[in-house]
Engineer: 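The structure under discussion is supplied below as structure tokens; questions concerning it will follow.
Throughout, a chain's letter reflects where its sequence line sits, starting with A, and its residues are numbered from 1.
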There are 2 protein chains.
Amino acid sequence: MKESLRPGGRSARVQAAVHAAVRDLLRDRARSELTIPAIATRAGVTPSTLYRRWGSLQDLLADVAVERMRPEGDPDDTGSVRGDLEEWLEQYIEEMTSVPGRAMTRDVLGCTGAAPRQCAAFLRRQIEVIAARGAARGEPALDVDAVVDLVVAPVMYRLLFDTAPVDPAWWRGLLARVVPPAG
Amino acid sequence: MKESLRPGGRSARVQAAVHAAVRDLLRDRARSELTIPAIATRAGVTPSTLYRRWGSLQDLLADVAVERMRPEGDPDDTGSVRGDLEEWLEQYIEEMTSVPGRAMTRDVLGCTGAAPRQCAAFLRRQIEVIAARGAARGEPALDVDAVVDLVVAPVMYRLLFDTAPVDPAWWRGLLARVVPPAG
DNA sequence: CCACTAACGCAAAATATTCGCGTTAGTGGG
DNA sequence: CCCACTAACGCGAATATTTTGCGTTAGTGG
């Protein structure tokens with residue numbers, strides 16, 4: 001994430017070790033035990049390195065969360081825009097409904113940097129890929145803004161402001177408002 | 001916020017003093033200077049009181065933010081559901097677009113308690129009031145869920161994930177999807 | 001191979017957090 | 001009104017964390 005002036009060798013190793021340490025501790029230990037000194041010990045570096053490089057635990061967590069939210073590839077191709085969106089949303093919601101998933105989003109929002117914008121960009125990009133594939137197939141144009149505003153945003157709102165699980169019928173209904181069911 | 005077992009006298013005074021101290025410091029000082037000891041000094045109490053009662057700075061800030069977001073009264077009555085919503089949204093967005101406004105929402109989301117749910121409840125309640133007034137006037141029923149999902153959620157998404165100002169034409173367009181413009 | 005310097009390690013100093021214990025002051029019963 | 005009870009607070013010691021100065025290490029570019 002950090003556009004380091006010196007991205008090579010040691011810096012990269014330290015960053016990888018720290019990220020791995022955060023992911024490990026985030027899995028094993030309670031959140032209240034997730035402290036900078038603990039992460040530093042696990043990563044084999046001194047705390048001051050983390051303070052200097054990330055500034056605070058919040059910003060470090062946001063950095064790690066952004067990396068975990070970065071898509072590893074394009075959304076699955078199901079043969080139709082509607083199918084692609086449905087598949088992609090289902091996976092996204094499943095990942096983000098879990099307690100650690102919700103925590104990740106909050107970590108992103110709790111930082112001082114550009115993590116939130118980056119995250120939103122990831123989501124939008126995935127939708128754009130789906131839209132582009134649909135266009136190539138000759139399907140009617142997908143309104144990406146509408147998907148963000150009328151589907152992604154309500155889902156995110158639920159995830160952030162409510163602890164209840166997200167009803168599949170509900171978000172499929174949202175999707176149907178933007179993209180008519182295939183077939 | 002705290003459903004104290006003993007809400008009277010001293011406890012209430014301490015809470016009021018602490019909330020006031022947070023609001024003051026939040027206005028005067030930079031956010032990085034907003035620390036528990038600083039708040040305690042300003043409020044005239046010892047830090048340990050804050051730690052015992054609120055647990056952490058995050059939870060204290062969330063508590064204060066919830067109080068600031070609690071509506072002070074019903075939305076203005078403009079004579080129509082559409083007008084009420086427009087007026088209410090305009091005020092809400094204006095308040096929340098500012099840097100401290102956005103910070104408030106993030107404070108709410110960064111806590112461990114029920115602040116987010118409480119906040120969402122506030123918003124929903126306001127919309128319900130508008131809906132009830134409309135019903136009493138004989139207007140067509142307002143779908144409160146639709147307002148939350150298709151208007152409030154997208155606005156919140158923008159506020160949280162983007163730093164750009166919110167375009168009035170855009171959110172009025174969202175509103176028009178749910179409530180046709182008043183004739 | 002060398003000069004340059006970003007990034008790191010280390011340790012001391014400054015701050016923040018936790019905890020035990022005594023005290024204060026709401027609360028409820030007589 | 002008075003008293004017993006105890007939640008909530010104050011204080012200070014003990015811990016834990018964050019910050020900072022300075023020497024060292026190791027990428028980077030010539």
Side-chain angles (χ1 to χ4, degrees), chain A residues 1-22 24-26 28-64 66-67 103 107 110-113, chain B residues 1-22 24-26 28-64 66-67 103 107 110-113:
Chain A
M1 134 272 179
K2 269 281 171 89
E3 311 312 332
S4 286
L5 289 169
R6 184 173 288 190
R10 184 168 60 169
S11 264
R13 280 197 304 275
V14 167
Q15 167 159 347
V18 169
H19 278 220
V22 170
D24 289 352
L25 293 174
L26 221 36
D28 302 344
R29 308 257 175 192
R31 215 178 166 68
S32 57
E33 302 177 42
L34 195 75
T35 161
I36 294 264
I39 296 168
T41 300
R42 179 86 165 216
V45 299
T46 59
S48 62
T49 294
L50 303 191
Y51 286 115
R52 280 194 227 266
R53 193 154 166 186
W54 283 277
S56 71
L57 178 60
Q58 274 189 337
D59 286 332
L60 170 56
L61 290 179
D63 186 33
V64 173
V66 165
E67 282 317 301
D107 288 342
C111 77
T112 58
Chain B
M1 122 279 174
K2 269 279 174 93
E3 310 312 332
S4 287
L5 290 167
R6 184 174 286 187
R10 185 168 59 169
S11 264
R13 280 196 304 275
V14 168
Q15 166 159 349
V18 169
H19 277 221
V22 170
D24 288 352
L25 292 174
L26 221 37
D28 301 344
R29 307 254 175 195
R31 214 178 167 66
S32 58
E33 303 178 43
L34 195 74
T35 161
I36 293 265
I39 296 168
T41 299
R42 180 85 163 216
V45 299
T46 59
S48 61
T49 293
L50 303 190
Y51 286 116
R52 282 193 226 270
R53 193 155 168 186
W54 282 277
S56 71
L57 179 60
Q58 273 188 339
D59 285 332
L60 170 55
L61 289 179
D63 186 34
V64 173
V66 166
E67 282 316 302
D107 288 343
C111 77
T112 59

Engineer: Nearest whole Å is fine: how far is C/dT24 P from B/R10 CZ?
Structural biologist: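 Those two atoms, CZ and P, are 10 Å apart.
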Engineer: Please state how far atom CD in B/E33 lies from atom P in D/dT19, giving the value in whole angstrom units.
Structural biologist: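 The answer, rounded to whole Å, is 13 Å.
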Engineer: Over how many whole Å does the gap from A/W54 atom CH2 to C/dC8 atom C1' extend?
Structural biologist: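 After rounding, the reported distance stands at 12 Å.
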Engineer: Does the side chain of A/R53 get closer than 4.0 angstrom to OP1 or OP2 of C/dC8 through an N or O atom?
Structural biologist: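 Yes, A/R53 has a side-chain N/O under 4.0 Å of OP1/OP2 on C/dC8.
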Engineer: Which atoms of nucleotides 2-4 of chain D (N or O only) lie under 3.5 Å from a protein N or O atom, and what are those distances?
Structural biologist:
none

Engineer: Whether A/D63 and A/R53 form a salt bridge (side-chain N of Lys/Arg under 4.0 Å from carboxylate O of Asp/Glu) is what I want to check.
Structural biologist: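 A salt bridge is absent here (no side-chain N lies under 4.0 Å from a carboxylate O).
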Engineer: Whole angstrom is fine here: how far is it from CD in A/Q15 over to C1' in C/dA6?
Structural biologist: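 These atoms are roughly 15 Å apart.
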Engineer: Flag the pair A/R13 / A/V18 as yes when at least one side-chain heavy-atom distance between them is below 4.5 Å, and no otherwise.
Structural biologist: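 With C-beta onward as the side chain, the pair stays apart.
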Engineer: If we check side chain to side chain contact (heavy atoms under 4.5 Å, CB included) with A/V64, which of these qualifies: A/L61, A/V66, A/L60?
Structural biologist: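 Of all the options given, the one that passes is A/L60.
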Engineer: When you check the phosphate oxygens OP1 and OP2 of D/dG27, does a side-chain N or O of A/R13 lie under 4.0 Å from one of them?
Structural biologist: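 For A/R13, the contact criterion (side-chain N or O under 4.0 Å from OP1 or OP2 of D/dG27) is met.
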Engineer: Check whether any side-chain heavy atom of B/E33 lies under 4.5 Å from a side-chain heavy atom of B/L25, and answer yes or no.
Structural biologist: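 Counting from C-beta outward, B/E33 and B/L25 never come under 4.5 Å.
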Engineer: Could you give the CG-to-C1' distance, from A/L50 to D/dT20, as a whole number of Å?
Structural biologist: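 In whole Å, D/dT20 C1' and A/L50 CG are 16 Å from each other.
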Engineer: Measure across A/T46 and A/A40 and return the closest heavy-atom pair with its distance rounded to 0.1 Å.
Structural biologist: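 Heavy atoms only, the tightest pair is C-CB, 3.9 Å.
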Engineer: Quick check: closest heavy atoms across A/S56 and A/I36, and the distance to 0.1 Å?
Structural biologist: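 So the minimum-distance heavy-atom pair works out to C-CD1, 4.2 Å.
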Engineer: Respond yes when some side-chain nitrogen or oxygen of B/T49 is under 4.0 Å from OP1 or OP2 of D/dC9, and no when none is.
Structural biologist: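 Looking at the OP1 and OP2 atoms of D/dC9, neither is under 4.0 Å from any side-chain N or O of B/T49.
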Engineer: Can you tell me the base-pairing partner of C/dC4? Count Watson-Crick or G-U wobble geometry only, both distances below 3.5 Å, and say none if there is no partner.
Structural biologist: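 Check on C/dC4: paired to D/dG27, both distances under 3.5 Å.
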Engineer: Report each atom pair, protein N/O against N/O of nucleotides 12-17 of chain D, whose distance is under 3.5 angstrom.
Structural biologist:
unit_1, atom_1, unit_2, atom_2, d
D/dT17, OP1, A/T35, OG1, 3.4
D/dT17, O3', A/Y51, OH, 2.8

Engineer: Is the shortest heavy-atom distance from the side chain of A/Q58 to the side chain of B/Q58 under 4.5 Å?
Structural biologist: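 Heavy-atom side-chain distance check passes, below 4.5 Å.
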Engineer: Taking any strand in view, what nucleotide pairs with C/dC19 in a Watson-Crick or G-U wobble way, both distances under 3.5 Å?
Structural biologist: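 Here C/dC19 is engaged in a pair, and the nucleotide opposite it is D/dG12.
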Engineer: Which heavy-atom pair separates B/P47 from B/P37 by the least distance, and what is that distance?
Structural biologist: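 Residues B/P47 and B/P37, closest heavy atoms: CG-CA, 4.2 Å.
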Engineer: Who passes side chain to side chain contact (heavy atoms under 4.5 Å, CB included) against A/T112, sequence neighbours left out?
Structural biologist: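 For A/T112, the residues satisfying side chain to side chain contact (heavy atoms under 4.5 Å, CB included) (neighbours in sequence not counted) are A/D59.
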